[in-house]
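Notes for the one structure printed next.
Just so you know, these numbers use all the heavy atoms, side chains as well, and skip hydrogens, waters and symmetry mates. Quick note on labels: first sequence line is chain A, next is B, and so on, each numbered from 1.
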Amino acid sequence: MARVRAIDPATLPKHFDAPAAEARWDAAWEESGIYRWDAARPRDETFVVDTPPPTVSGELHVGHVFSYTHTDVVVRFQRMRGKNIFYPLGWDDNGVPTERRVQNLFHVRCNPALPRDPELSLEPATAKLRKKPPRVISRPDFIDLCERVTQEDEKAFLELWRRVGLSVDWTTEYATIDARCRQLSQLSFRDLFEKGHVYQSDAPFMWDVDFQMAVAQAEVEDREMPGAYHDLEFAVEGADRGFVISTTRPELLPACVGVTAHPEDTRYRDLFGKRAITPLFRVPVPIFPSEKADPEKGTGILMVCTFGDQTDVEWWREEELALRQLVGRNGRLVPVNFGDAGFESADPEAANRYYGELAGLFVSKARRRIVELLADAEGSATGSGPPLQGEPRAIEHAVRFYEKGESPLEFLPTRQWFVRLLDKKDQLLAKGSEIAWHPHHMEHRFRDWTENLGLDWCISRQRYFGVPIPVWYPLDDAGEPDYDRALVAPAERLPVDPMTDVPEGYREDQRGLPGGFAGEPDIFDTWFTSSLTPQIGSGWLLDTDRHGRLFPGDVRPQSHEIIRTWAFYTIAKALLHEDSVPWHNVLISGWILDPDRKKMSKSIGNVVTPTHLLEQYTADAVRYWSASARLGVDTAFDDKVFKIGKRLVTKLFNASKFVLSQSAEVGPVSREVDRAFVAELSERVARATADLERYEFGKALQETESFFWTRFTDTTIELLKGRARDESDPEGAASAVAALRLGLSVLLRLFAPVLPYITEEVWNWAYAEETGTPSVHAAAWPGDADFAGIEAPEDAGSLDVAIECWRAVMKAKADGEVGMGRVIERVEIAGNAATLTRLAPGLPDVVAAVRCRAHELVEDAALEDGVFAARNPVFAPKEG
RNA sequence: AGGCACGUAGCUCAGUGGCUAGAGCGCCGCCUUGACACGGCGGAGGUCGGCGGUUCAAUCCCGCCCGUGCCUACCA
């Protein structure tokens with residue numbers, strides 16, 4: 001037998017002081033460095049997490065806490081299993097939101113062509129300053145400001161994560177705009193360039209007229225918008241018939257370059273090969289057949305414009321149609337002159353008169369104006385009435401938008417950089433299926449997206465805050481860039497800003513001059529950098545040894561709406577760079593829905609701030625709520641669950657206080673009931689462990705929690721309480737105390753991934769000293785070692801039988817409307833013969849626990865196995 | 001329009017081809033006991049979305065339908 005130190009409950013506070021514990025343990029963990037990755041240990045002992053760098057936008061969200069906690073639970077489990085954890089965290093500060101905040105806060109605009117101003121020192125703009133035009137600054141200076149602004153938000157996020165108890169290795173903190181990430185991002189481009197995976201294209205592409213930048217397919221969303229069909233009558237050259245097309249975009253009429261209908265469509269078959277004459281502008285355009293025209297839609301015949309949509313682009317390309325680009329980069333119609341080359345018209349004077357009414361207008365305004373013109377104009381093709389026939393018919397239809405934009409996307413020809421992906425769909429799909437998706441059905445999202453991909457990845461953005469594309473172009477004698485001879489910065493010079501740095505073999509004074517060079521002004525799509533998070537963690541080309549030990553990673557946690565961006569691009573990058581998967585598992589967290597089952601989001605205004613929750617319910621309780629969910633399942637925000645979590649923490653505190661204050665010798669777990677308890681516990685550990693290995697932390701928590709409430713507190717504890725303090729039975733007492741202490745130790749460790757604070761607190765009351773392991777989070781995950789040397793029970797159900805008996809007597813007390821602590825003078829305990837026999841080992845414990853002075857066992861064959869009835873109880877008078 | 005998921009007690013959710021379908025919260029009743037009233041004991045409450053099929057047996061498997069959410073497509 002061994003004497004253990006019992007705590008004196010009087011030295012403990014009556015209630016668990018969670019905020020104090022959170023502050024204390026957070027500091028202790030950071031100081032002890034238990035969450036640090038050990039670079040010396042081999043890959044197979046390492047567990048690598050590719051964490052999402054949260055967008056630093058000043059907004060904290062319970063959804064963040066929810067999904068990041070999922071990862072942390074998995075990580076803490078793996079750490080306790082002995083894994084060397086690589087768990088970095090960065091901040092995604094790239095992108096449009098930060099850019100806008102900087103522009104507003106400092107009242108500045110960026111001009112990438114400007115050199116850095118070493119004297120620049122800006123403070124947030126005063127109201128007075130805002131009345132003046134914004135100050136124009138260089139890109140490096142602009143990036144500095146962005147970093148300054150995001151630092152505040154990063155601090156807020158950091159404090160939140162620390163309080164939530166994320167066991168991140170904070171020495172790995174990074175920002176996607178920092179020099180190292182810029183370097184890796186540009187290295188990635190260089191590698192893709194050398195391998196021939198990137199190209200430039202001057203073709204029409206999706207363009208947001210507000211942000212004035214190109215947009216990739218992944219950033220496009222459809223929105224249902226009101227629109228209207230306008231029936232326009234076209235004439236046919238050399239024929240006495242016309243035809244009517246229905247269009248929702250009449251303002252593109254002057255950009256009409258062709259007309260098409262289905263080849264089988266008998267209504268229009270006679271027109272193929274002829275030329276149509278557009279109304280108002282009198283432009284002759286070819287009429288050609290196309291399988292892509294749907295006879296059911298509109299009138300079955302339609303105009304092809306440069307450019308109304310993606311299909312227009314395809315027709316334009318296939319039929320080699322003219323280019324009449326009318327929508328400018330800013331969304332206004334550009335001035336053109338009919339009669340000039342490319343703008344043929346049968347009546348240029350009239351065409352220019354009409355177009356003069358439209359030039360300079362926004363698309364939406366131009367649409368309203370041209371409808372008026374079409375309605376008022378004389379002379380339809382058939383000579384009767386205006387070209388616009390009837391009233392426009394209102395419809396709802398899907399319109400493409402940039403996900404952050406406010407105006408519909410336009411197609412316009414601009415020069416952009418692309419990563420070639422369309423020819424690699426099979427390889428991408430193969431990599432996708434090498435990865436284990438949790439839940440598995442989320443792989444469908446990836447497959448759907450990949451199979452339906454219609455465009456290569458446009459990676460250039462006409463913005464300022466981001467990673468510059470590390471490329472220069474030589475200028476010819478006329479000062480025009482030679483895009484085919486792009487000068488990509490050499491690896492050893494990265495990161496560079498081509499707008500302020502100078503390519504090899506040139507001098508700064510040659511910038512922009514004939515025979516000189518020009519820097520690429522564009523930056524990368526923010527996903528171009530975010531898709532490198534595994535490589536940012538590992539160091540990749542900057543530290544190949546480290547990379548070898550951290551890549552591919554083990555898990556990538558993320559949410560499902562960015563499967564088509566973050567997951568997809570990361571898989572693509574790993575494929576293109578190293579023909580590898582980036583990680584072996586993807587964990588997809590669901591969304592947080594508000595109680596009305598709407599997605600919580602800033603724009604709806606139904607967001608609950610996490611700080612408030614942490615203060616109200618404690619970090620452990622908030623984590624409990626998070627960990628209760630299953631991966632991939634959307635979870636309703638429900639404050640009941642926080643309360644349950646808080647109750648669990650309280651109960652753990654109280655139960656621990658009781659168990660650890662039992663002053664007794666501990667000895668072998670020798671008594672039957674105690675051994676049965678250990679057997680049940682051991683089985684529960686095996687189940688929880690298996691669940692966690694499958695990332696089913698919610699199930700594991702449920703297993704642990706139900707054991708705690710139904711098998712530990714108020715059952716086993718109540719049952720063993722008497723014997724634990726029975727001085728007349730030292731061996732029995734030692735066995736009881738040992739069983740309870742072991743039970744608590746195991747339960748603390750099972751709960752530790754979810755409830756890091758309360759478990760650490762209790763661990764340090766006794767177990768830290770006993771085991772020599774100062775933190776529960778560094779302790780070994782419970783398993784066979786904990787149960788070694790404890791003999792299996794004779795009857796695995798002996799604890800259960802004892803508890804059922806105890807419960808029957810408690811029911812008698814409830815039925816008798818006396819308190820659970822009331823002494824019973826005598827009672828009959830009824831059960832069938834077999835059950836009474838099985839009760840024997842636990843009977844003394846039951847009798848003591850229910851405070852029964854005398855009892856009589858009554859055999860009742862009518863009772864089922866394992867069922868007891870407490871009959872004819874005689875309660876002692878209430879004690880004064 | 002196609003795909004994926006979901007539909008179980010008032011609420012939030014488990015669950016399994018087979019005993020009488022579970023938990024917590026909420027509700028009702030009782031009880032201040034020696035770790036805990038931030039507690040304990042007990043109780044009521046369900047045609048497992050609907051219809052059909054496979055099976056000795058279906059909440060579970062299959063089909064259809066209804067409803068909800070998301071993803072993808074549609075954009076003349």
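- Within 4.0 Å (heavy atoms only), A/Ser246 reaches sugar-phosphate atoms of the nucleic acid but no base atom.
- Distance from the side chain of A/Asp448 is smallest for B/rG3 among the nucleotides B/rG3, B/rU12, B/rG42.
- With a 6.0 Å cutoff to the six-membered ring centre and a 45° limit on the axis angle, A/Lys721 counts as a cation-pi contact of A/Phe658.
- Minimum atom distance to the side chain of A/His441 is reached by B/rA5, of the listed B/rA5, B/rC75, B/rA35.
- Counting any heavy atom pair closer than 4.0 Å across all strands shown, A/Met820 reaches a base atom.
- Nucleic acid contact for A/Gly819: sugar-phosphate only, since backbone atoms but no base atoms lie under 4.0 Å from a heavy atom of the residue.
- For the pair A/Glu314 and A/Lys292, the salt-bridge criterion is met [side-chain N within less than 4.0 Å of a carboxylate O].
- Within the 4.0 angstrom heavy-atom criterion, base atoms lie near A/Ala293.
- With rounding to whole Å, A/Arg822 atom CZ is found 9 Å from B/rC31 atom C1'.
- If you check every strand for non-hydrogen atoms under 4.0 Å, A/Ile245 touches nothing.
- When heavy atoms are screened at a 4.0 angstrom cut-off, A/Arg630 is found touching the sugar-phosphate backbone but no base atom.
- When the side-chain nitrogen and oxygen atoms of A/Lys14 are compared with OP1 and OP2 of B/rA37, one or more of them lie within a distance under 4.0 Å.
- Put simply, A/Lys643 has no side-chain N or O that comes within less than 4.0 Å of OP1 or OP2 on B/rG26.
- Here, B/rC51 and B/rC13 have their C1' atoms 27 Å apart, quoted to the whole Å.
- Ring-plane geometry between A/Phe446 and A/Phe568 is classed as tilted, the angle between the planes lying from 30 to 60 degrees on a 0 to 90 degree scale.
- Look at CG on A/Leu631: it is 20 Å from P on B/rC70, rounded to the nearest Å.
- Taking the C1' atoms as reference points, B/rG3 lies 27 Å from B/rA14, given to the whole Å.
- The side chain of A/Lys811 has B/rG42 as its nearest neighbour among B/rG42, B/rC38, B/rG39.
- Between A/Phe642 and A/Tyr617, the ring centre distance stays below 6.0 Å.
- Between A/Arg564 and B/rU72, a side-chain N or O to OP1/OP2 separation shorter than 4.0 Å is present.
- Residue-level contact check: A/Ile717 touches the bases, meaning some heavy atom is under 4.0 Å from a base atom.
- If you check every strand for non-hydrogen atoms under 4.0 Å, A/Asp312 touches nothing.
- Annotation: B/rG69 and B/rU33 have their C1' atoms spaced 49 Å apart (nearest Å).
- In the set B/rG42, B/rC74, B/rC4, B/rC74 carries the atom at the smallest distance from any side-chain atom of A/Asp222.
- Across all strands, A/Asn452 comes closer than 4.0 Å only to sugar-phosphate atoms, never to a base (heavy-atom distances).
- For B/rA9 and B/rA23, the P atoms lie 14 Å apart once the distance is rounded to whole Å.
- Among the nucleotides B/rC74, B/rA73, B/rC41, the one closest to the side chain of A/Ala398 is B/rC74.
- Protein atom NZ of A/Lys425 is 12 Å distant from nucleotide atom C1' of B/rU72, rounded to whole Å.
- Put simply, CD on A/Glu451 is 13 Å from C1' on B/rC71, counting in whole angstrom units.
- Look at the P atom in both B/rU20 and B/rA58: the space between them is 13 Å, to the nearest Å.
- Separating the CH2 atom of A/Trp625 from the C1' atom of B/rC13 is a distance of 14 Å, rounded to the nearest angstrom.
- Distances from the side chain of A/Glu817 to the nucleotides B/rC30, B/rG3, B/rC25 place B/rC30 closest.
- Comparing B/rA76 with B/rG53, their C1' atoms are spaced 46 Å from each other, to the whole Å.
- Computed from coordinates, the A/Arg445 CZ to B/rC70 C1' distance equals 5 Å when rounded to whole Å.
- Here the nucleotide nearest the side chain of A/Arg647, chosen from B/rC36, B/rG69, B/rG39, is B/rG39.
- Between A/Thr247 and the phosphate of B/rA76, there is no side-chain N or O to OP1/OP2 separation shorter than 4.0 Å.
- Note that A/Arg684 lies outside the cation-pi zone of A/Phe707, set by a 6.0 Å cut-off to the ring centre and a 45° limit from the axis.
- Note on A/Lys813: nothing from the nucleic acid sits closer than 4.0 angstrom, heavy atoms only.
- Of the C1' atoms belonging to B/rU16 and B/rG22, the separation is 11 Å, rounded to the nearest Å.
- Mapping A/Gly300 and A/Trp709 onto RNA chain B by nearest heavy atom places A/Trp709 at the nucleotide closer to the 5' end.
- In RNA chain B, runs of at least 3 stacked Watson-Crick or G-U pairs (N1-N3 plus N6-O4 or O6-N4, or N1-O2 plus O6-N3, all under 3.5 Å) give these stems: B:1-7 with B:66-72, B:10-13 with B:22-25, B:27-31 with B:39-43, B:49-53 with B:61-65.
- Between A/Arg447 and A/Glu443 there is a salt bridge, since at least one side-chain N of the basic residue sits less than 4.0 Å from a carboxylate O of the acidic one.
- Comparing B/rA35, B/rC70, B/rU12 against the side chain of A/Glu718 picks out B/rA35 as the nearest.
- The pair A/Arg249-A/Asp309 does not count as a salt bridge, with every side-chain nitrogen at least 4.0 angstrom from each carboxylate oxygen.
- Remark: the A/His15 side chain and the B/rC38 base include a donor-acceptor N/O pair separated by less than 3.5 Å.
- Within 4.0 Å (heavy atoms only), A/His397 reaches sugar-phosphate atoms of the nucleic acid but no base atom.
- Between A/Trp457 and A/Tyr569 there is a side-chain heavy-atom pair separated by less than 4.5 Å.
- Among the atoms of the strands shown, base atoms are found under 4.0 Å from some heavy atom of A/Lys721.
- With a 6.0 Å cutoff to the six-membered ring centre and a 45° limit on the axis angle, A/Arg324 does not count as a cation-pi contact of A/Trp316.
- In this structure, A/Asp638 atom CG and B/rC25 atom C1' are separated by 8 Å, rounded to whole Å.
- Where A/Lys657 and A/Thr715 each meet RNA chain B at their nearest nucleotide, the meeting point lying more 5' is that of A/Lys657.
- Ring geometry for A/Trp625 versus A/Phe637: interplanar angle over 60°, hence perpendicular rather than tilted (30 to 60°).
- Under 3.5 Å, the side chain of A/Asp714 and the base of B/rC36 form at least one donor-acceptor pair of N or O atoms.
- The separation of B/rG43 from B/rC60, taken at their P atoms, amounts to 30 Å, rounded to a whole angstrom.
- Within the nucleic acid shown, A/Val818 comes within 4.0 Å of sugar-phosphate atoms alone, with no base atom in reach, counting heavy atoms only.
- Shortest non-hydrogen contact noted between A/Ser628 and A/Val641 is OG-CG1, 4.2 Å.
- A side-chain donor-acceptor contact under 3.5 Å links A/Lys425 to the backbone of A/Leu453.
- Closest to the A/Lys640 side chain, of the nucleotides B/rC25, B/rC75, B/rA5, is B/rC25.
- For B/rA73, the OP1/OP2 oxygens have a side-chain nitrogen or oxygen of A/Gln217 closer than 4.0 Å.
- Residue A/Tyr229 is classed as a sugar-phosphate contact, given heavy-atom separations below 4.0 Å to backbone atoms only.
- Closest to the side chain of A/Thr650, from the set B/rC70, B/rC38, B/rC75, is B/rC38.
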